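Keep in mind the model is a prediction, meaning the values are calculated, not measured. A note on names: the letters A, B, ... follow the listed sequences, proteins ahead of strands, and every chain is numbered from 1.
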Amino acid sequence: MLTAAEVDQLHDDVVSWFEENARDLPWRRDTSGWSVLVSELMLQQTPVVRVLPVYAAWMARWPTPADLAAEPVGEAVRAWGRLGYPRRAQRLHAAATAIVTDHGGQVPSDHATLLTLPGVGEYTAAAVASFAFAGRHAVMDTNVRRVLTRVVEGRQYPAASITAAERRLAHDLLPHDDAHRWAAATMELGAVVCTAKAPRCDACPVRDLCRWRALGYPEHDGPARKGQAWAGTDRMVRGRLLAVLRESDGPVEKARLDTAWDEDDQRERCLDSLLDDGLVTLLDDGRFAL
DNA sequence: CACCCGTGGGC
DNA sequence: TGCCCAAGGGT
């Protein structure tokens with residue numbers, strides 16, 4: 001465990017490094033609740049570079065939650081483009097609607113209230129409360145979890161899911177002042193220096209405090225972490241079906257969707273699931289639309 | 001808690 | 001070339 005002095009050193013080193021090295025990202029310029037909420041939903045499991053252009057177009061078209069809520073959810077799914085996990089677009093639209101109907105059109109600043117919004121879980125609520133409203137929360141995304149696991153615990157990777165011990169550690173490490181800067185700084189450190197695969201320890205501001213480094217970089221032991229199956233999965237087929245609808249200007253015939261995948265059973269099952277999820281709509285004339 | 005949900009780039 | 005990974009959430 002780190003001493004109090006080492007914790008202070010950790011805070012100072014990481015925050016100072018961040019102030020010198022922070023990337024200039026649009027959601028760090030516009031830190032309104034809506035800007036941060038949109039960016040956080042888009043960044044869930046999607047890299048920054050792919051989010052940038054979609055975020056810019058999105059904010060230009062829908063500068064407020066009310067602007068988005070006024071349009072059909074299908075427009076949100078279409079504008080989501082190829083970011084992946086299109087249910088996030090659906091949830092963002094639902095969140096905008098809830099913000100308008102239940103919160104006077106203003107993104108809530110309170111963590112517990114943020115948690116009630118569709119698509120907003122523990123991490124995103126903490127991130128919005130911190131980055132848009134300077135709140136004090138343990139912000140635990142994949143980057144922060146990896147940084148703390150390495151620096152403090154001396155292991156290469158965190159557990160598959162967040163543990164109680166991890167929450168306690170993150171909370172114990174929260175600075176009393178400007179915790180939101182610590183949150184942003186640790187995320188940035190994990191994103192650009194303490195990366196999963198090839199960490200740039202030579203550029204790390206806390207290499208001298210890092211327990212993982214002191215131990216000689218022991219590799220992850222225990223069962224291999226589960227990979228995400230992809231080829232031939234329903235996710236891939238759903239993605240192909242949605243791509244057809246996205247690339248079309250308007251509704252499409254069933255025959256068009258049938259070209260997306262040649263196994264009838266799986267294709268029909270996936271189309272049904274997309275209809276169930278509300279990501280695809282069946283029109284009265286038998287055609288399909290977003 | 002395990003599993004499912006898209007997409008594309010890097011090595 | 002496959003495999004890993006990316007500012008997670010919902011069930």
Side-chain angles (χ1 to χ4, degrees), chain A residues 18 22-23 25-28 31 35-55 77-78 80-92 94-95 114-132 137-147 156-164 170 180 183-192 194-199 220 223-247 260-261 269-270 273-274 276-280:
Chain A
F18 180 63
R23 290 168 293 177
L25 300 172
W27 44 88
R28 289 178 176 163
T31 59
S35 169
V36 174
L37 180 64
V38 169
S39 70
E40 290 300 340
L41 265 290
M42 289 183 174
L43 288 163
Q44 289 171 2
Q45 300 286 282
T46 302
V48 167
V49 287
R50 228 182 313 153
V51 165
L52 287 170
V54 181
Y55 166 88
V77 173
R78 181 181 296 278
W80 199 253
R82 309 180 71 85
L83 287 184
Y85 291 146
R87 31 186 20 146
R88 291 181 295 160
Q90 198 176 31
R91 291 170 184 157
L92 182 51
L114 284 162
L115 267 182
T116 68
L117 298 176
V120 177
E122 177 181 359
Y123 160 75
T124 302
V128 173
S130 297
F131 303 146
H137 302 277
V139 178
M140 284 181 291
D141 75 328
T142 187
N143 292 306
V144 173
R145 295 184 61 212
R146 187 173 55 247
V147 167
Q156 186 178 22
Y157 297 123
S161 52
I162 295 182
T163 65
H180 61 284
T186 45
M187 284 179 65
E188 187 80 347
L189 188 63
V192 305
C194 194
T195 55
K197 219 176 161 194
H220 174 80
R225 296 174 298 161
K226 58 169 178 14
Q228 314 173 30
W230 175 246
T233 62
D234 284 2
R235 257 191 310 172
M236 190 185 77
V237 176
R238 284 165 56 105
R240 290 197 179 193
L241 289 166
L242 283 174
V244 170
L245 289 162
R246 224 188 288 121
E247 289 156 12
W261 191 247
R269 179 176 73 244
C270 288
S273 74
L274 287 169
D276 283 344
D277 291 345
L279 284 166
V280 174

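Considering only residues two or more places apart in sequence or on other chains, A/R50 meets the salt bridge (Lys or Arg N to Asp or Glu O under 4.0 Å) condition with none of them. Annotation: side chain to side chain donor-acceptor pair (under 3.5 Å) contacts of A/T142 (sequence neighbours excluded): none. Listed by chain and number, the residues in a side chain to side chain donor-acceptor pair (under 3.5 Å) with A/T195 amount to none (sequence neighbours excluded). Evaluation of the salt bridge (Lys or Arg N to Asp or Glu O under 4.0 Å) rule for A/E122 yields A/R167 as partners, not counting sequence neighbours. A/R269 pairs by the salt bridge (Lys or Arg N to Asp or Glu O under 4.0 Å) definition with A/D234, not counting sequence neighbours.
Using a 4.0 Å heavy-atom cutoff across all strands shown, A/R145 reaches no nucleic acid atom at all. Across all strands shown, A/W27 has heavy atoms under 4.0 Å from base atoms, whether or not it also approaches the sugar-phosphate. The residue A/L83 sits close to a base: some heavy atom pair falls under 4.0 Å. Among the heavy atoms of the strands lying under 4.0 Å from A/T142 are primed sugar atoms or P, OP1, OP2 only; no base atom is included.
A close approach under 4.0 Å does not occur between any side-chain nitrogen or oxygen of A/Y85 and OP1 or OP2 of C/dA6. For A/R246, a side-chain nitrogen or oxygen approaches OP1 or OP2 of B/dT7 to under 4.0 Å. Phosphate contact (OP1/OP2 of B/dG6, side-chain N/O of A/R238, threshold under 4.0 Å): present.
Both A/K197 and A/T46 sit near DNA chain B, but only A/T46 has its closest nucleotide nearer the 5' end. The residue among A/I162 and A/G81 whose nearest nucleotide of DNA chain B lies closer to the 5′ end is A/I162.
Among the nucleotides B/dC11, B/dG6, B/dT7, the one closest to the side chain of A/L279 is B/dG6. Which of B/dG6, C/dA7, C/dC5 sits closest to the side chain of A/R23 comes down to C/dA7.
Taking atom C1' in both B/dC11 and C/dA7, the straight-line distance is 23 Å, to the nearest Å. Using atom P as the reference point in both B/dC3 and C/dC4, the two lie 16 Å apart (nearest Å).
A straight line from CG of A/L242 to C1' of B/dT7 spans 12 Å, rounded to a whole angstrom. Note: CE (A/M42) to C1' (C/dG8) measures 15 Å, nearest angstrom. Rounded to whole angstrom, the span from the CZ atom of A/R240 across to the P atom of B/dG6 amounts to 14 Å. One atom, CG of A/N143, and another, P of C/dA6, lie 7 Å apart when rounded to the nearest Å.
Not a single donor-acceptor pair, N or O on each side, falls under 3.5 Å between the base of B/dT7 and the side chain of A/R235.
For the 3.5 Å distance criterion, the side chains of A/Q44 and A/Y123 fail to qualify, holding no donor opposite an acceptor.
In summary, of the residues considered (A/L241, A/L245, A/V237), a side-chain contact (heavy atoms from CB on, under 4.5 Å) with A/L274 occurs for A/L241 alone.
Ring orientation note: the planes of A/W27 and A/Y55 are nearly perpendicular, at an angle over 60° on the 30°/60° scale.
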I'd like a list of close polar pairs between nucleotides 9-11 of chain C and the protein, N/O only, cut-off under 3.5 Å.
{"residue": "C/dG9", "atom": "OP1", "partner": "A/G121", "partner atom": "N", "Å": "2.9"}
{"residue": "C/dG9", "atom": "OP1", "partner": "A/T124", "partner atom": "N", "Å": "2.9"}
{"residue": "C/dG9", "atom": "OP1", "partner": "A/T124", "partner atom": "OG1", "Å": "2.6"}
{"residue": "C/dG9", "atom": "OP2", "partner": "A/Y123", "partner atom": "N", "Å": "3.4"}
{"residue": "C/dG10", "atom": "OP1", "partner": "A/G119", "partner atom": "N", "Å": "2.9"}

